[in-house]
Amino acid sequence: MIPFLDLKAQYAQIRSEVLVAIEEVLDSCQFTLGSKVESFEQDFAEYSQSRFGVGVNSGTSALHLALLAAGVGPGDEVITIPFTFVATVSAIGYTGATPVFVDVDPVSRTMNPDLLEAAITPNTKAILPVHLHGQMADMDPIVAIARKHGLVVIEDAAQAHGAEYKGRRAGSIGDLGCFSFYPGKNLGAYGEAGLVTTNSEALNEKVRILRDWGAKTKYQHIVKGYNYRMEGIQGAVLSVKLKYLEEWTEGRRRVAKRYGELLADSGIQLPQESPDNRHVWHVYACQSPDRADLQARLSDAGIQTGIHYPVPVHLQPAWRELGHKPGDFPVSEHLADQVLSLPMFPEMTDRQIEAVCAEVAGFAGRSLSKAS
Ligand SMILES: *Cc1c(COP(=O)(O)O)cnc(C)c1O
């Protein structure tokens with residue numbers, strides 16, 4: 001039995017440290033925000049090459065507040081991709097703005113900058129690229145187009161802690177960066193949490209005020225805000241885990257490299273690390289036209305897989321109001337039909353990796369012999 005990810009293996013490594021950190025929060029009774037959250041905000045901002053970090057209660061809240069701080073509201077349009085987790089698009093919806101999609105690049109699976117200018121209208125306010133699967137979007141052309149048109153850039157970095165584009169880390173290139181610490185993410189809380197990065201003092205101030213009821217000082221509510229505060233226990237757990245993140249990311253990169261070597265001649269289409277990028281492999285999504293059969297074979301062999309994501313957001317019933325139909329974003333639709341995420345976690349052993357690859361290659365061999 002090989003799990004898709006193994007949170008228990010990671011907990012075993014850090015259990016005693018985590019318990020001490022949690023006990024400190026309980027003893028201090030700083031259950032929400034407080035010193036543990038503050039020091040995590042600083043440490044994670046530094047890790048992400050950003051001046052400021054604002055801790056919130058989820059990645060979705062991070063996106064919502066980043067959009068609000070950027071001045072996005074009803075009547076505005078925000079350009080993003082349909083091949084993402086639904087939260088990216090829902091956060092745009094929360095502000096009253098309209099999500100506008102551009103398709104992704106078939107190899108990097110991130111926003112295709114060549115399609116961006118055609119999607120810009122007088123109502124466009126922001127561009128929201130997603131660093132999908134742990135690899136950053138092609139930020140240079142995206143930022144250049146945004147500057148030319150006076151648009152804000154918000155990075156959805158929920159899957160990309162520590163990912164790099166030309167030596168620059170996720171969350172540090174756009175005007176704002178949004179991270180999730182959902183337990184299954186590369187850096188996961190023991191509950192829900194998120195964070196907004198920015199290099200702008202003004203945007204930092206806006207997000208801070210919005211996450212805590214719009215109050216600049218207690219009971220002085222200068223804007224309509226939210227209860228999106230990060231919990232003290234999450235700040236404490238994340239501070240412990242951040243110290244191990246580089247080691248874990250290198251573990252993921254080791255697994256991806258080994259998959260790449262072992263499956264190079266398997267005939268299965270493998271994910272690629274773009275030049276000048278540091279992919280952090282939140283998921284390792286290969287591609288097969290016979291995905292259902294491949295997934296069934298792996299499942300029969302006790303190997304868990306995932307699909308990220310099987311239906312692009314423009315075809316989700318929840319977003320029917322946008323009026324899209326099959327064929328509108330063909331690359332996203334093709335990927336949604338074919339991607340299959342293999343087990344990926346830093347603690348994966350060589351034997352586990354080899355067992356997964358043996359099944360994948362065996363499946364591909366069967367396909368090949370059928371075709372010939
Ligand atoms: C996980 C995720 C989110 C939402 O984060 P939560 O912490 O679950 O609210 C947003 N965007 C992407 C791409 C994600 O993977």
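Ligands are counted one by one from 1 in listed order, and the atoms in each one are counted from 1 as well.
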Enumerate, atom names and distances included, each donor-acceptor pair closer than 3.5 Å involving a side-chain atom of residues 318-326, sequence neighbours excluded.
residue, atom, partner, partner atom, Å
H324, ND1, D328, OD2, 3.0
K325, NZ, D328, OD1, 3.0

With a 3.5 Å cut-off and sequence neighbours excluded, list the donor-acceptor pairs that the side chains of residues 15-26 form with protein atoms.
residue, atom, partner, partner atom, Å
E17, OE1, Y244, OH, 2.3
E17, OE2, K243, NZ, 2.7
E24, OE1, K36, NZ, 2.4

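Partner H161 forms a ring pair (Phe, Tyr, Trp, His ring centres under 6.0 Å) with one of Y47, F181, W248 and no other, that one being F181.
Shown here are the side-chain hydrogen bond (donor to acceptor under 3.5 Å, both in side chains) partners of Y165, two or more places apart in sequence or in another chain: D138.
Interatomic distance, CD of Q135 versus CG of N277, reported as 4.5 Å (0.5 Å rounding).
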Could you give the N/O to N/O pairs under 3.5 Å linking ligand 1 and the protein, each with its distance?
residue, atom, partner, partner atom, Å
ligand 1, 5 (O), S180, OG, 3.3
ligand 1, 7 (O), G59, N, 2.8
ligand 1, 7 (O), S180, OG, 2.6
ligand 1, 9 (O), G59, N, 3.4
ligand 1, 9 (O), T60, N, 2.9
ligand 1, 9 (O), T60, OG1, 2.5
ligand 1, 11 (N), D156, OD1, 3.3
ligand 1, 11 (N), D156, OD2, 2.8
ligand 1, 15 (O), Q159, NE2, 2.8
ligand 1, 15 (O), K185, NZ, 3.0

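The main-chain N or O of G177 is never found under 3.5 Å from a side-chain atom of E155 such that the two would form a donor-acceptor pair.
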